[in-house]
Protein chains: 2
Amino acid sequence: MTSPNKTNGVPRYIQIRESLREDILNSVLLPGQKIPSEDELALKFGFSRMTVRQGISDLIDEGLLYRRNGVGTFVTHPQIVRDHTRLTNFLENAKIKGIEAKVQVLIADILPAKLRVSRALDLKEGELVIHIKTLRLANGDPVTIHDAYVPYRIFPLMLQEDLENHHIWEYMEAYGFPVKRAVQRMEAREADEEIAGLLNMDVGAPILYKERTVYSENGTPVEFTYCYNRGDRYSLTVALFR
Amino acid sequence: MTSPNKTNGVPRYIQIRESLREDILNSVLLPGQKIPSEDELALKFGFSRMTVRQGISDLIDEGLLYRRNGVGTFVTHPQIVRDHTRLTNFLENAKIKGIEAKVQVLIADILPAKLRVSRALDLKEGELVIHIKTLRLANGDPVTIHDAYVPYRIFPLMLQEDLENHHIWEYMEAYGFPVKRAVQRMEAREADEEIAGLLNMDVGAPILYKERTVYSENGTPVEFTYCYNRGDRYSLTVALFR
DNA sequence: GAGTGGTCTAGACCACCCG
DNA sequence: GGGTGGTCTAGACCACTCG
């Protein structure tokens with residue numbers, strides 16, 4: 001049942017990784033402390049050093065450990081809120097934070113892409129896009145307006161889906177285009193009349209304006225969205241690496 | 001001169017990596033295209049497969065390639081502006097974009113940390129922090145105000161440095177605390193009188209407000225900064241991953 | 001079944017850092 | 001010099017995907 005490269009069906013580098021992670025979470029290994037050397041771990045687990053390295057590398061990518069050449073591998077100080085780096089959607093986010101989320105579809109139609117949208121989605125100008133405009137409410141208060149565009153060619157049936165209770169990303173994954181990354185540009189703007197009306201705020205009040213392009217696993221752009229967020233109800237946290 | 005694990009002093013996995021990168025940049029390998037299998041590459045370069053894998057893995061981390069189990073390794077569609085994900089500082093950024101940058105120090109003093117700052121920097125309340133307030137100008141126009149706080153305990157000599165022509169991160173690295181990551185929270189706000197005056201804009205105009213905590217390699221928080229960016233002159237681009 | 005990536009080994013030598 | 005991570009080998013078997 002168990003193949004030679006696994007124990008209990010779990011790859012060895014994952015066993016090492018999870019064992020180390022547990023030691024860190026349970027304060028067996030403390031922040032700043034050196035963990036056992038790769039040779040020691042290899043000996044202790046009875047795995048080869050390359051396998052140990054793979055497990056450690058995963059934790060380094062996660063930011064839980066860091067290596068210093070010629071010195072050792074150490075536990076990172078755990079200050080950082082590690083999430084918020086992740087691309088999550090409105091419904092997921094609300095669930096995590098225990099907020100009652102609601103999505104109201106304002107517009108759902110199909111139209112030819114304008115220049116800006118076609119560029120972002122790598123389409124010819126005028127190629128059809130699905131346009132979904134939504135208002136998002138948290139605990140009953142409007143916080144965000146989304147103007148989303150997705151290529152009709154890739155998702156011709158998107159408008160038949162339940163867009164108020166499921167996020168389009170779920171459907172994108174089902175259609176074979178799992179969402180993988182996004183690039184977003186933000187700036188501060190004043191609310192115009194339409195935005196102010198929908199978000200229930202004064203004209204001229206500050207909003208966080210955001211343009212976002214979302215890409216699937218293979219790099220295909222699958223969504224371009226203009227977002228308007230209430231300045232006083234919405235903040236965005238991101239992590240950057242050097 | 002050349003050690004057995006290198007050729008021309010360059011590690012083999014880096015040779016493979018850069019060779020593949022060049023092929024992608026020069027469109028020898030096109031977006032969506034399958035690259036040669038790991039076995040083929042190993043044969044072609046005369047390196048072992050594990051070494052080839054290491055080179056490929058780097059490019060996957062960069063987002064240039066992606067693997068599909070049992071199928072192959074493919075070139076990502078190159079839409080994404082890959083940088084902007086990186087933590088860069090004002091001076092570096094300006095240099096890249098060819099903007100003439102200037103930093104004006106408004107305040108540089110030492111004082112006890114208030115609650116917010118002490119929390120972010122993991123200090124006791126009242127512990128000393130260095131406070132550096134700067135105005136940043138791009139091509140002569142003010143765009144950003146920074147209110148930065150760094151732990152006095154770690155960088156007692158920071159105020160002796162040339163803060164207008166060098167970024168504090170350079171000194172942090174020299175002191176053994178290389179900057180590695182940051183978490184920042186953003187929202188849209190209105191300019192108050194002080195901010196409006198310094199940034200040469202109207203009171204009530206939209207600004208992009210940002211709080212940032214910067215961490216060094218080992219996870220120590222080394223800087224906490226309040227940033228006020230002109231809404232009409234400044235936008236921030238970030239990448240997120242799922 | 002053929003081809004591909006995923007995992008793993010049991011070694012090896014090197015470069016780096018520290019006392 | 002001794003310990004550490006960095007790089008590398010020449011194989012191996014497995015799991016997955018596709019035609």
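Quantities reported herein were computed from a predicted structural model and do not represent experimental measurements. Heavy atoms only: backbone and side chains are in, while hydrogens, waters and symmetry mates are out.
- Residue whose closest nucleotide on DNA chain C sits further toward the 5' end, between A:Ile14 and B:Ile56: B:Ile56.
- What separates CD of A:Glu40 from C1' of D:dG3 is a distance of 10 Å, to the nearest Å.
- Contact annotation: side chain of B:Arg49 to base of C:dG6, donor-acceptor pair present below 3.5 Å.
- For B:Thr76 (side chain) and B:Leu64 (main-chain N/O), a donor-acceptor pair under 3.5 Å exists by modelled atom type.
- Side-chain atoms of A:Arg53 lie closest to D:dG6 of the nucleotides C:dT9, D:dT9, D:dG6.
- Of the candidate nucleotides C:dG5, D:dG6, C:dT7, D:dG6 has the atom nearest to the side chain of A:Glu38.
- The listed nucleotides are D:dT9, D:dC8, C:dT7; the one nearest the side chain of B:Tyr13 is D:dC8.
- Contact check, A:Ser37 against D:dT4: a side-chain N or O comes under 4.0 Å of OP1 or OP2.
- Per the geometry, CD belonging to A:Gln54 stands 16 Å off C1' belonging to D:dG5, to the nearest Å.
- Counting only heavy atoms from C-beta on, B:Val71 has its side chain closest to D:dT17 among D:dT17, C:dA10, C:dT7.
- The nearest whole Å value for the distance from the CG atom in B:Leu43 to the C1' atom in D:dG11 is 14 Å.
- One atom, CZ of A:Arg67, and another, P of C:dC17, lie 16 Å apart when rounded to the nearest Å.
- For the residue pair B:Arg53/B:Thr51, the side-chain donor-acceptor check at 3.5 Å is not satisfied.
- Under 3.5 Å, the side chains of A:Arg181 and A:Ser216 contain no donor-acceptor pair of N or O atoms.
- Note: A:Phe47 and A:Phe45 meet the aromatic proximity criterion, with ring centroids under 6.0 Å apart.
- Remark: the B:Tyr175 side chain and the B:Glu161 side chain contain an N/O donor-acceptor pair separated by less than 3.5 Å.
- Of the side-chain N and O atoms in B:Thr73, one or more sit less than 4.0 angstrom from OP1 or OP2 of C:dG5.
- Summarising the geometry, the separation between CZ on A:Phe45 and P on C:dT9 is reported as 12 Å, rounded to the nearest angstrom.
- A donor-acceptor pair is defined here as one N or O able to donate and one able to accept, closer than 3.5 Å; no such pair exists between the side chain of B:Glu211 and the backbone of B:Gln184.
- Between A:Arg17 atom CZ and C:dC8 atom P the separation is 11 Å, expressed in whole Å.
- Taking only side-chain atoms of B:Thr51, from C-beta outward, the nucleotide of C:dT4, D:dG6, D:dT9 with the closest atom is D:dT9.
- With DNA chain D read from its 5' end, the first of the two nearest nucleotides for A:Pro36 and B:Ser48 is the one closest to A:Pro36.
- Sequence order on DNA chain C of the closest nucleotides to A:Gly70 and B:Lys34 puts B:Lys34 first from the 5' end.
- Out of D:dT9, D:dC8, C:dG6, the shortest distance to the side chain of B:Pro11 is found at D:dC8.
- We find that CE of B:Met50 is positioned 12 Å from P of D:dC8, with the value rounded to whole Å.
- Taking only side-chain nitrogens and oxygens, A:Arg12 never comes nearer than 4.0 Å to OP1 or OP2 of C:dT7.
- One atom, CZ of B:Arg68, and another, C1' of D:dA15, lie 15 Å apart when rounded to the nearest Å.
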